[in-house]
Amino acid sequence: MIHVLKHVESITQHRDRTLLELGVASALFELVRAREVNLYKVSQHGADSFLARVTHVGQDGVRYVQSEFDEGGEAIPLTERPEMVACVAQTQIVRRHDSERGEHVHCFPINVDRRVLGVLEVVCSNPLSTEDLGTAEGFLGLYRNYLSLLDYSERDTLTGLLNRKTFDENLGKILQGLAPGESGLTRDATPPHRRRQHEDGGYWLAVVDVDHFKRVNDQFGHLYGDEVLLLLARIMQDSFRHQDRLFRFGGEEFVVILRATSDHEVSVALERLRAGVEAHTFPQVGTVTVSIGYTGIHSSDTIPDIVGRADDALYVAKDNGRNQVRNYEALLACGQVAAREAPDSDIELF
């Protein structure tokens, strides 16, 4: 019992999702004497569901995704793991005996607020006993509760997107992980449909702003204005991959941080969002459009540098008719924006 409480104490001190997931997997690996424990995240792409492994604890060691932007290896269709289909679709524990490998696979749904966010897989030499099943369910319940708390503190209450408070932390992790000289700019203009994390690529930031949003609130009322923001968030979620980060920055302004192999790929994704918003019929309001400015992220950047460049591109879009996507680097090259001054490295405090 004391051994279990020590694991609980270790897990409950974490406020970082990666460490929380690793703590739960490590505890179960030891307590139920598993061969391996894996944590998969479930993502939706249209009507299809995919699995991506983000944490592994086994006899061969520990592996985990260190960044919120990593895919954890290539996502596979959920249908390739039949034992997990029922686990996700029916929110139930599923057990499978793999006679060829001589192991028993146990799949536990990770459901929060009636959504299945992932699957916890426990692989053992023998079926879990009633006591071990209870231990696994107990730690999974602890994990679910912490996910709910993290979601509540990290997400915007209206749209469900990440909130402004989490933006600095997310972008800071990217800047820390970039090697000196690395940026969001690469030469490959024909990226594969799916990319693994180790392949070449960079990070980009886009600022998305709803055009004439004050007019929407003034003409139709704040209730319909809120509905516009909620529907826009859903269109954004459909327009990007699960590992891209979407933030509500405040009011009618949103931010997207995404990984891509070229400016062309970023432009296509953002144009898809712009066109999707314009094509959508918003209840009572009708047509709504957005303006978007974006820029590449470099290892030498500060957060104000990056946001400032994207804002500069956004202002050009706003000043030239709205409902368009503009890239800061392209605008700089043709003289439509001025280069932003580099911060002075010698700061005088007194």
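The figures that follow rest on heavy atoms only: side chains count, while hydrogens, waters and symmetry mates do not. Along the sequence shown, residues are numbered consecutively beginning with 1. It should be emphasised that the depicted structure is a prediction, and the values quoted were computed from it without experimental measurement.
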Does [X] use its side chain to pair, donor to acceptor, with the backbone of [Y] at less than 3.5 Å?
{"X": "Asn163", "Y": "Glu154", "result": "yes"}
{"X": "Ser267", "Y": "Asp263", "result": "no"}
{"X": "Thr91", "Y": "Cys87", "result": "no"}
{"X": "Thr166", "Y": "Leu162", "result": "no"}

Could you please spell out the steps behind the ring-ring contact (aromatic ring centres under 6.0 Å, His included) verdict for Phe247 and Phe167? CA-CA 7 Å; Phe247 303 83; Phe167 172 75; 5.3 Å; yes

May I ask you to test the [X]-[Y] pair for a side-chain heavy-atom distance under 4.5 Å?
{"X": "His56", "Y": "Tyr64", "result": "no"}
{"X": "Leu117", "Y": "Arg144", "result": "no"}
{"X": "Glu329", "Y": "Arg309", "result": "yes"}
{"X": "Val85", "Y": "Arg81", "result": "no"}
{"X": "Glu121", "Y": "His106", "result": "no"}

With side-chain hydrogen bond (donor to acceptor under 3.5 Å, both in side chains) as the criterion, how do Arg245 and Asn170 come out once you've worked through the C-alpha distance, each side chain's angles and the decisive distance to 0.1 Å? CA-CA 8 Å; Arg245 300 293 97 182; Asn170 276 262; 4.9 Å; no

Is Lys318 paired with Asp211 through a side-chain N to carboxylate O contact shorter than 4.0 Å? yes

Exactly one candidate in Ser99, Pro127, Ser125 meets side-chain contact (heavy atoms from CB on, under 4.5 Å) with His104; the answer is Pro127

Smallest separation among heavy atoms of Glu252 and Leu229, with atom names: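 Scanning both residues, the minimum pair turns out to be CA-CD2, 4.0 Å.
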
Answer yes if the side chains of Thr159 and Asp156 hold a donor-acceptor pair under 3.5 Å, and no otherwise.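 Checked: Thr159/Asp156 side chains pair up, N/O donor to acceptor below 3.5 Å.
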
Run the numbers on Arg322 and Gln324 for side-chain hydrogen bond (donor to acceptor under 3.5 Å, both in side chains), then give the verdict. CA-CA 6 Å; Arg322 296 181 170 84; Gln324 54 190 266; over 6 Å; no

Residues Lys41, Glu21; criterion salt bridge (charged side-chain N to carboxylate O under 4.0 Å, His left out); working and verdict: CA-CA 11 Å; Lys41 288 192 176 178; Glu21 291 161 358; 3.4 Å; yes

